J.: 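Sending over a structure as structure tokens; questions will come in a sec.
To find a chain, count down the sequence lines: A is the first, B the second, and so on, and within it residues start at 1. The model shown is predicted, which means the values in this text are computed figures rather than measured ones.
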Amino acid sequence: MTQIQGRVIFLFIEFKNQVQKVLIAAAVSAGYDIKEEEMSFEVSEHADLATRLAFQLMAQKSGNPAATAKEIVDAISADELKNADLVGKITTQGPYINIFVSDKYLTTTVENVVSEKENYGSGKNTGKILLEHTSANPNGPLHVGHIRNAILGDTLSRILKKAGYDVEVQYYVNDIGRQIAVVSWAASKYPLDMEKKPDYAIVDVYVKANEDIAKDETINEHIEALMKKVENGDKETIESFTGAVDMAVAGISETLLLMNVKHDKFVRESQFIESGAVWDVIDRLDATGKTKDSDGALVVDLSEYGFEKTLVIRRSNGTSLYTTRDLAYHEWKAPQCDRMIDVFGADHKLISGQLRAALQLLGDKTPEVVIFEFVSLPEGSMSTRRGVFITADDLLKQMIDKAYEEIDKRRPEESEEFKKKVARMVGIGSTRYDIIKVSSDKSTVFDWKTALDFEKQGAPFIQYAHARASNILTKAVEDGTIGSDGIGPGFANYTRLIEPQEAALIKKIARFEQLIEESAASLKPHTFAIYARELADSFSQFYRYVPVLNVEDIELKKARLALVYAGKTAIANALSCLGIDAPESM
RNA sequence: GGGCUCGUGGCUUAGCCAGGAUAUAGCGUCGGGCUUCUAACCCGAAUGCCGGGGGUUCGAAUCCUCCCGGGCCCGCCA
């Protein structure tokens, strides 16, 4: 068994390994030819683990899967089974072989959570990951499309950390492109409303400027001139760009912080102009012989990577593009980490493929790209430029207000401070959960009615289960069953936990580590979000059917308290991975 | 026009990559449950040609193919 700090890790996986060993031995002794890599298992409602092995092997003999399944199970040796201490019963049902966990599996799970506490569920992966997400242009506030990027990226970073990786999260700030030139021009023409949140002040003038440009194309000449000045290092122009960008970023940061989204670093594109890295990248691409002139612009041929169209890496006016600066950014990141992960919207599918191809052409490490499909409005797609968007702040505020109404209705006697705190936890949690639970490859249409009708069996449901567990534990401290040293290793005899709801909850808790592992490996956080809900579901059923505080038998009471503690801990750890606060009371 | 992607009960959605046991769950609807640890809870019921056709297979929501519908993209925006 794999041991880390004295404990068997990945209990579910170890269970699976034991089952595999037992079944292979049985199949071989029954006269079948089977290799380890051919074994496949599924989690099933009929058992803790099931296999369709008989379907694969039937051709070797009878051709009857049910007969094959029975033959294999009959051939299981008692000795093998004795060594597999996590495996309980193995039965057949027609062609299926159903496997159940042992009592030791259950008691070990509870003991593990009780001793590991907030570290329960952590993985053993290693390596440094640089994760980039959100990176919205600093030309206005975040809108509901950006929220999906931020929540997906932030949840991913939390899950990867839980899986054991060293993760650094970056926001790539476009402080130098055409859009920022427009912002800078706008800020010089129109006064900024300093009363407003700074990102809103910026977008006001940005939208006006774009209206001007639509009417008068000659403004574009001013914009181009500004871009050239910046690339040539003109101090005054750079300062005006930086001033506008700082305002927008300040506002964006405030919004991100409100929804528990954390970035370790804000990296500015301009640094790759200043350092000359951009021109260096262009030179090296040019040296590959894959570039050519196209109407004065420099383009690179990526046809050998499957891209029909060439990629422009330098404008005909000599300035660089986002794509070029992004190449420099990735070259800068590569030596700092083992893996790079970028979270982009669906509009970046093509360009991110070209980016990867160009990096390959240069012989560089390439990023893994996580794509999420668009969030649009009933009337069409959102556009900061046209001023058509619903801001993240607006959505978050309304979600918090909605949550406040609920808590005010349910706990009117509580303090204003309590209600506000819970409203924020629930409002933000609901927003995050509703977004993260859906697979990122589904496009969605935003509408207020659906957004504000936050599903009760979403974040609030999970948070409520946590609050109920906390409540029981608080009362057990008050009645003295839990001493001042709390619940730790060896607190109770867990073989007393034999109710079906107890076993179901323990089994659900035991799968935590595997779900983290799978979610981290596939970079699909929604699968973990669904697990978190199932975990809360198991707890709610346990809570309904199994009394804890008014149990006479003190040993049984202590065993159940330990399970409540294990449930609370698992739920808290799951919520933490989702960036959702776990209230002690709500 | 070409490429990518999605299409699962009234609505939202899991499962699809590695095909198999009555297709997952929530909302909504209908019915039941608080003198018992917080009812933002629990239990039960109804609702599905898994977009459509064809194919592969003993077996297809899952693989292949064509079609229909939504989304995104198709060089000097990001």
Side-chain angles (χ1 to χ4, degrees), chain A residues 40 42 44-47 50 52 54-55 58-59 63 65 93-96 98 135-137 139 174 177-180 182 269 294-300 306-326 344-351 353-354 371 373-376 381 384-385 403 406-407 409-411 426 430 434 437-439 441-445 450 453-465 467-476 522 526-527 530 533-534 536-537 540-541 543-551 560 564 585-586:
Chain A
S40 70
E42 62 203 76
S44 156
E45 60 196 291
H46 307 280
R52 305 185 303 259
F55 283 106
M58 64 177 179
Q93 192 166 342
Y96 299 92
N98 289 331
S135 303
N137 281 326
N139 54 12
N174 166 23
R178 189 192 147 77
Q179 300 188 30
I180 304 310
V182 173
E269 272 190 47
S294 174
D295 301 326
L298 187 66
V299 301
V300 55
F307 295 96
E308 272 183 48
K309 306 243 174 156
T310 56
L311 175 68
V312 179
I313 55 172
R314 190 179 62 213
R315 290 193 184 93
S316 47
N317 70 3
T319 56
S320 66
L321 292 93
Y322 157 82
T323 322
T324 333
R325 299 187 292 267
D326 212 15
F344 291 147
D347 53 340
H348 277 61
K349 265 187 227 176
L350 177 62
I351 193 69
Q354 290 173 320
I371 296 287
E373 291 292 333
F374 261 48
V375 180
S376 54
S381 61
T384 305
R385 183 170 48 81
E406 291 293 322
I407 188 72
K409 202 160 61 192
R410 291 162 208 273
R411 307 287 293 276
V426 172
S430 294
D434 284 348
K437 70 168 189 198
V438 179
S439 164
D441 41 37
K442 300 249 186 191
S443 55
T444 59
V445 176
T450 319
D453 176 28
F454 53 67
E455 285 186 23
K456 281 185 291 185
Q457 195 153 12
F461 175 77
I462 306 169
Q463 291 170 313
Y464 189 61
R468 283 171 136 187
S470 302
N471 191 44
I472 292 180
L473 295 170
T474 304
K475 293 202 161 137
S522 62
H526 77 280
T527 54
I530 290 162
R533 202 211 63 227
E534 290 174 358
D537 201 24
S540 295
Q541 287 171 37
Y543 184 94
R544 163 66 182 78
Y545 286 106
V546 184
V548 179
L549 291 175
N550 46 17
V551 172
R560 286 183 178 169
V564 170
S585 174
M586 66 186 270

J.: If you look at every strand shown and take non-hydrogen atoms under 4.0 Å, does A:Leu298 touch a base, only sugar-phosphate, or nothing?
T.: nothing
J.: Base contacts versus sugar-phosphate-only contacts with protein, heavy atoms under 4.0 Å: please encode nucleotides 30-37 of chain B as B, S and - from 5' to 3'.
T.: ------SB
J.: Set out, line by line, the N/O atom pairs under 3.5 Å between protein and nucleotides 6-10 of chain B.
T.:
unit_1	atom_1	unit_2	atom_2	d
B:G7	OP1	A:Lys442	NZ	2.9

J.: Rounding to an integer number of angstrom, what distance separates B:U62 and B:C50 when you compare their P atoms?
T.: 10 Å
J.: Can you tell me, in whole Å, how much space there is between the P of B:U22 and that of B:C68?
T.: 35 Å
J.: Are there any protein N/O atoms within less than 3.5 Å of an N/O atom in nucleotides 21-23 of chain B, and if so, which ones and at what distance?
T.:
unit_1	atom_1	unit_2	atom_2	d
B:A21	O4'	A:Tyr96	OH	2.9
B:A21	N6	A:Ser44	OG	3.2
B:A21	N6	A:Asn98	OD1	2.9
B:A21	N1	A:Asn98	OD1	3.1
B:A21	N1	A:Asn98	ND2	3.2

J.: Within this structure, what is the NZ-to-P distance between A:Lys409 and B:A40, rounded to whole angstrom?
T.: 10 Å
J.: Taking atom C1' in both B:G28 and B:G10, compute the distance separating them and give it to the nearest angstrom.
T.: 8 Å
J.: Working note: A:Thr324 + A:Arg314, criterion side-chain contact (heavy atoms from CB on, under 4.5 Å); need CA distance, chi angles, decisive distance, verdict.
T.: CA-CA 7 Å; A:Thr324 333; A:Arg314 190 179 62 213; over 6 Å; no
J.: Find the distance A:Asp434:CG to B:U12:C1' and express it as a whole number of Å.
T.: 10 Å
J.: A:Val426 near the nucleic acid: base, sugar-phosphate alone, or nothing, with a heavy-atom cut-off under 4.0 Å?
T.: base
J.: How far, in whole Å, is B:C58 from B:C67 if one measures between their P atoms?
T.: 28 Å
J.: With a 3.5 Å cut-off and just heavy-atom distances, do the side chain of A:Ser540 and the base of B:C41 make a donor-acceptor pair?
T.: no
J.: One character per nucleotide, please: for nucleotides 56-64 of chain B, 5' to 3', B when the base has a protein heavy atom closer than 4.0 Å, S when only the sugar-phosphate does, - otherwise.
T.: ---------
J.: Applying side-chain contact (heavy atoms from CB on, under 4.5 Å) to A:Val426 and A:Glu406, what does each step give before you reach the verdict?
T.: CA-CA 10 Å; A:Val426 172; A:Glu406 291 293 322; over 6 Å; no
J.: Over all strands shown, is A:Gly94 touching base, sugar-phosphate only, or nothing at heavy-atom distances under 4.0 angstrom?
T.: nothing
J.: So, is B:G15 syn or anti if syn means the angle is within 90° of 0?
T.: anti
J.: How far, in whole Å, is B:A21 from B:U5 if one measures between their P atoms?
T.: 26 Å
J.: Phosphate oxygens OP1/OP2 of B:C27: is one of them under 4.0 Å from a side-chain N or O of A:Arg533?
T.: no
J.: Determine: side-chain N/O of A:His526 to OP1/OP2 of B:G15, distance under 4.0 Å, yes or no.
T.: yes
J.: Looking at the side chain of A:Ala297, which of B:C41, B:C76, B:A78 is the nearest nucleotide?
T.: B:C76
J.: Closest-nucleotide mapping onto RNA chain B: is A:Phe374 or A:Tyr322 further toward the 5' terminus? I mean the 5' end.
T.: A:Phe374
J.: Could you check A:Leu311 against A:Arg411 and say which one's nearest nucleotide on RNA chain B is further toward the 5' end?
T.: A:Arg411
J.: Under 4.0 Å, heavy atoms only, any strand: does A:Asp537 hit a base, just the sugar-phosphate, or nothing?
T.: sugar-phosphate
J.: Is a donor-acceptor pair below 3.5 Å formed from side chain A:Thr310 to base B:G75, judging by atom type as modelled?
T.: yes
J.: Please tell me if A:Gln354 has a side-chain N or O lying less than 4.0 Å from either OP1 or OP2 of B:C74.
T.: no
J.: Could I get the full list of side chain to side chain donor-acceptor pair (under 3.5 Å) partners for A:Glu534, not counting sequence neighbours?
T.: A:Lys508
J.: The test is side-chain contact (heavy atoms from CB on, under 4.5 Å); show your working for A:Val551 and A:Val546 and say whether it passes.
T.: CA-CA 10 Å; A:Val551 172; A:Val546 184; over 6 Å; no
J.: Is there a side-chain contact between A:Lys309 and the phosphate of B:C74, meaning an N or O under 4.0 Å from OP1 or OP2?
T.: no
J.: If I pick the P atom on B:C63 and the same atom on B:C4, what distance separates them, to the nearest angstrom?
T.: 15 Å
J.: Quick check for you: among B:A14, B:C76, B:A78, whose closest atom lies nearest to any side-chain atom of A:Asn137?
T.: B:A78
J.: Using side chain to side chain donor-acceptor pair (under 3.5 Å) as the criterion, list what pairs up with A:Ser135, not counting sequence neighbours.
T.: A:Glu132
J.: How many Å lie between CG on A:Asp453 and P on B:G28, as a whole number?
T.: 7 Å
J.: Distance check, C1' atoms only: B:U8 and B:G75, in whole angstrom units.
T.: 39 Å
J.: Describe the nucleic acid contact of A:Ser439 in one word from base, sugar-phosphate, nothing, applying a heavy-atom distance below 4.0 Å.
T.: sugar-phosphate
J.: If you measure from the C1' atom in B:G7 to the same atom in B:G20, how many Å do you get, rounded?
T.: 24 Å
J.: Give the rounded distance in Å between these two atoms: CD of A:Glu534 and C1' of B:U24.
T.: 9 Å
J.: Which is true for A:Arg560 with a 4.0 Å heavy-atom rule: it touches a base, it touches only sugar-phosphate, or it touches nothing?
T.: nothing
J.: Can you tell if the side chain of A:Arg468 reaches within under 4.5 Å of the side chain of A:Ser540, non-hydrogen atoms only?
T.: yes
J.: In whole Å, I'd like the distance from the CD atom of A:Glu406 to the P atom of B:A39.
T.: 16 Å
